[in-house]
A.B. asks: 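This is the structure, below, for whatever I ask next.
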Number of protein chains: 2
Amino acid sequence: MITINDIAKMANVSISTVSRVLNGKGRVGKEKREEILKIAKELNYVPNYHARCMINESVFTVGFITPDITNPFFSELTRGIEIGILGKALLILMNSFRDPKTEEEMAERLKTSGTKGIIFGNSRVEDSFVSYISKFLPVVVFDKEYESEKIASVLLDNSYGAFKATKHLLDNGCRNVIHFGGTDELLVSVQRANGYKEAMKQAGLTPRIFKIGYDEKAGYKKAKEIVEKREKVDGIFCMNDLVAIGAMKALKEGGLKIPQDVAIVGFDDTNLCDYVSPSLTSIRQPAEEMGKSAATMLIDVIEGRCNVRKYVFSPTLVVRESSLKTRGQFS
Amino acid sequence: MITINDIAKMANVSISTVSRVLNGKGRVGKEKREEILKIAKELNYVPNYHARCMINESVFTVGFITPDITNPFFSELTRGIEIGILGKALLILMNSFRDPKTEEEMAERLKTSGTKGIIFGNSRVEDSFVSYISKFLPVVVFDKEYESEKIASVLLDNSYGAFKATKHLLDNGCRNVIHFGGTDELLVSVQRANGYKEAMKQAGLTPRIFKIGYDEKAGYKKAKEIVEKREKVDGIFCMNDLVAIGAMKALKEGGLKIPQDVAIVGFDDTNLCDYVSPSLTSIRQPAEEMGKSAATMLIDVIEGRCNVRKYVFSPTLVVRESSLKTRGQFS
DNA sequence: ATAATTTGGTAAAGCGTTTGCTCAAAGAGG
DNA sequence: CCTCTTTGAGCAAACGCTTTACCAAATTAT
């Protein structure tokens, strides 16, 4: 590695002179300046980032721990985060595959790697761990609220979203609406399940919840089962779009018509919704916006500009073909 | 920020003693050791990453510049890269939105940010820039080969893949096969277009190529146009799955049946293919594997374990419903 | 008892930069 | 011709940590 020292020797000047030339500070004679610049260029000199960091604040890094980057919701979120930190920081991405142990290890790794802040995306880590890690670094958590004044949150009213989704299915004539949910460890799952339950209760119906998971495979598998058992189901509210898409596939394979036989609503409103067929009704989370908010909030905390805040977003229902038993503008 | 020095003062020992305790090296009396550990814990001490980096090799970072993380192909690739660098390095992710200027800026930023290597995913940067940046950092490029011994590549025989795809459409009875391709700046586009042309030529047919872009919107828009103009088309080979999915939507909206009226083949074989309907025939790129190879190759170069290499992957045709005019096992 | 070794700890050199202070030389003003 | 300012450039400290050389005391061997 070539250093400022090497250049100084070559140019027969002191390192401070070299530094001054390279940073355009201080007064250095024209000849020396040009000589130094020439040598630096020839040697492909790049200032040592870490040495620099020890002195003045340079560009820093923040970490984003995501359950699964291949879920379009999270990739949109990621893009939002990136936009939010633009120019201020670099984004270190980590895929936890939804394993809480892995998530803790990753956070620990980020902590010891000079990262200035961590964003937990929809994570399963225990509250105690979040509290612990927040002692070392500013933290932003998606979908979870903390007592501590030190932990910022980006929230979406999941149970209200789920309520809306379920209500929509009921309003469209479904009676036997079931829910494909995630596991109880994930707060989001619980909240969405609650919203579903509430809507069912209000309609005087019995909720049926299947805790199946988070991806297409999970949705496919369970829907297949339901088709094979010929269960009496005319609507499914899925905890996310991937699950919904998997379920749709299984239903169609089973000869069931969507939405006539079974109506479906997903959650997240990823860009897939428009492109599956029938197009998928979903509860919209403004992923990119949410990512952006998380990022700017984190940067603000890191740079000491403000205290911890909380962003709350509202879910909105985006109606598409998969849920309209009474065919209207779509067909 | 709390440092080793603070701890030393509190414990009334020298900083070297503290360092020894923290690193488990050297001999330190039991009482002092415990005292020091206790203080360190109380103060939430974390060793300064940058200071550490200046002395011994710690975990380092590598950068991945991707056109668009929301494209499932790239998110799978990203996951592969992450797996490949696991434990060795942290991954800095950057979205260029396919803008070559942005890509250069990003690489430049990585260069000055202590990053030890860069992976260019399907990038549009000019060759001269890649050569330039490779003077400073090890570089791995997807889908592009370089003279320089310093630049590693992960390749896929795109034109062969495209050839296969087109051939498959022709073998299934299509005569008027068109191609939805990307722009000429992207080598991949050109290669895929070439494969398409070759297949058409061999069949004695005239190729028709539309340079439309890389996402669902582009595919949708162009297909809409074609439907409206009632062009004579019975097969479309799309440069990637997203374009294909967009096109499918437009065709279906136009009342055309897939594959009976128009057969479709995509490229990438993203996990979407299984979940759209009809399911999408596609040319498989083993994204995760490719990412993993790129990453291990980069790490190898960084750690001086080997010279630059080249990985070549083979595209395979994955047949699904969207391309089978003669209905067989699917229906 | 003396020499040799182990144990516990300190001081200082570096890693690569930046920057405040110093100082000499040169040019300007009286 | 002498002081005053400007210009150019070096020295050295600091950033936080690791590591080596080194020293003293305590323990062991001779």
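Keep in mind the model is a prediction, meaning the values are calculated, not measured. So that the names make sense, note that chain A is the first sequence line, chain B the second, and so on, each numbered from 1.
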A.B. asks: Want to settle it: does A/Val13 or B/Asn56 sit nearer the 5' end of DNA chain D, counting the closest nucleotide to each?
C.D. replies: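 Taking each residue's closest nucleotide, the earlier one in sequence belongs to A/Val13.
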
A.B. asks: Salt bridge check, B/Lys88 against B/Glu303: does any charged N sit closer than 4.0 Å to a carboxylate O?
C.D. replies: yes

A.B. asks: Going by heavy atoms closer than 4.0 Å, what residues in residues 44-55 of chain A are next to DNA chain C?
C.D. replies: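 When residues 44-55 of chain A is checked for heavy atoms under 4.0 Å from DNA chain C, the hits, listed by number, are A/Tyr45, A/Val46, A/Pro47, A/Asn48, A/Ala51, A/Arg52, A/Ile55.
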
A.B. asks: Base of C/dT10, side chain of B/Arg20 - is there a donor-acceptor contact under 3.5 Å?
C.D. replies: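 It does, because a donor-acceptor pair links the side chain of B/Arg20 to the base of C/dT10 below 3.5 Å.
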
A.B. asks: Side chains of B/Val139 and B/Ile133: does their closest heavy-atom pair fall under 4.5 Å?
C.D. replies: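 They are in side-chain contact.
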
A.B. asks: Sequence neighbours left out, what pairs pass ring pair (Phe, Tyr, Trp, His ring centres under 6.0 Å) with at least one residue falling in residues 73-116 of chain A?
C.D. replies: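 Applying ring pair (Phe, Tyr, Trp, His ring centres under 6.0 Å) to every pair that reaches into residues 73-116 of chain A, excluding sequence neighbours, yields nothing.
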
A.B. asks: Just to confirm, is there a sub-4.0 Å distance from OP1 or OP2 of C/dG16 to any side-chain nitrogen or oxygen of A/Thr3?
C.D. replies: no

A.B. asks: At a heavy-atom distance below 4.0 Å, what parts of residues 109-118 of chain B sit against DNA chain D?
C.D. replies: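 DNA chain D contact set from residues 109-118 of chain B: none.
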
A.B. asks: Is the backbone of A/Asn5 close enough, under 3.5 Å, to the side chain of A/Thr3 for a donor and an acceptor to pair up by distance?
C.D. replies: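 Looks like yes, one N/O pair under 3.5 Å.
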
A.B. asks: I need the CD1-P distance between B/Ile15 and C/dA13, as an integer number of Å.
C.D. replies: 13 Å

A.B. asks: Applying ring-ring contact (aromatic ring centres under 6.0 Å, His included), name anything that partners A/Phe136, two or more places apart in sequence or on another chain.
C.D. replies: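 With neighbours one apart ignored, the set is A/Tyr132.
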
A.B. asks: Who pairs with B/Leu155 by side-chain contact (heavy atoms from CB on, under 4.5 Å), at least two apart in sequence or on another chain?
C.D. replies: B/Glu145, B/Ser153, B/Lys310, B/Val312

A.B. asks: Could you tell me whether B/Lys111 and B/Glu108 have a side-chain N and a carboxylate O separated by less than 4.0 Å?
C.D. replies: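 Salt bridge present between B/Lys111 and B/Glu108.
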
A.B. asks: I'd like to know if B/Glu104 pairs up with B/Arg109 as an ion pair, taking the criterion as any Lys NZ or Arg NE/NH1/NH2 lying under 4.0 Å from an Asp or Glu carboxylate oxygen.
C.D. replies: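 Not counted as a salt bridge, because no side-chain N and carboxylate O are separated by less than 4.0 Å.
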
A.B. asks: Mind checking which nucleotides bracket the chain B contacts on DNA chain D, 5' to 3', with an atom under 4.0 Å from a heavy atom?
C.D. replies: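 Range of nucleotides touched by chain B: D/dG16 to D/dA21.
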
A.B. asks: Could you work out, with salt bridge (charged side-chain N to carboxylate O under 4.0 Å, His left out) as the rule, every residue matching B/Glu289, not counting sequence neighbours?
C.D. replies: B/Lys292

A.B. asks: For B/Glu103, enumerate each residue passing the side-chain hydrogen bond (donor to acceptor under 3.5 Å, both in side chains) test, keeping only those at least two apart in sequence or located in another chain.
C.D. replies: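 With neighbours one apart ignored, the set is B/Ser96, B/Ser123.
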
A.B. asks: What's the angle between the local helix axes at either end of the helix from C/dA1-D/dT30 to C/dG30-D/dC1, using five pairs per end and rounding to 10 degrees?
C.D. replies: 50°

A.B. asks: Does a salt bridge link A/Lys144 with A/Asp127, judged by any charged N lying under 4.0 Å from a carboxylate O?
C.D. replies: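 Between A/Asp127 and A/Lys144 there is a salt bridge, with a charged N closer than 4.0 Å to a carboxylate O.
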
A.B. asks: Sub-3.5 Å donor-acceptor pair from the side chain of A/Lys116 to the main-chain atoms of A/Thr61, do we have one?
C.D. replies: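 Here the side-chain-to-backbone pair does not exist.
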
A.B. asks: Which side-chain hydrogen bond (donor to acceptor under 3.5 Å, both in side chains) pairs, counting each pair once, include a residue from residues 40-55 of chain A, with sequence neighbours left out?
C.D. replies: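 Non-adjacent pairs meeting side-chain hydrogen bond (donor to acceptor under 3.5 Å, both in side chains): A/Asn23-A/Arg52, A/His50-B/His50.
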
A.B. asks: Do you see a donor-acceptor pair shorter than 3.5 Å between the side chains of B/Ser128 and B/Ser131?
C.D. replies: no

A.B. asks: Can you name the salt bridge (charged side-chain N to carboxylate O under 4.0 Å, His left out) partners of A/Arg27, sequence neighbours left out?
C.D. replies: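 By the salt bridge (charged side-chain N to carboxylate O under 4.0 Å, His left out) rule, A/Arg27 matches no residue at all.
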
A.B. asks: Contact list please: residues 21-40 of chain A against DNA chain C, heavy atoms, distance less than 4.0 Å, in numerical order.
C.D. replies: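 Within residues 21-40 of chain A, the residues near DNA chain C are A/Asn23, A/Lys25.
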
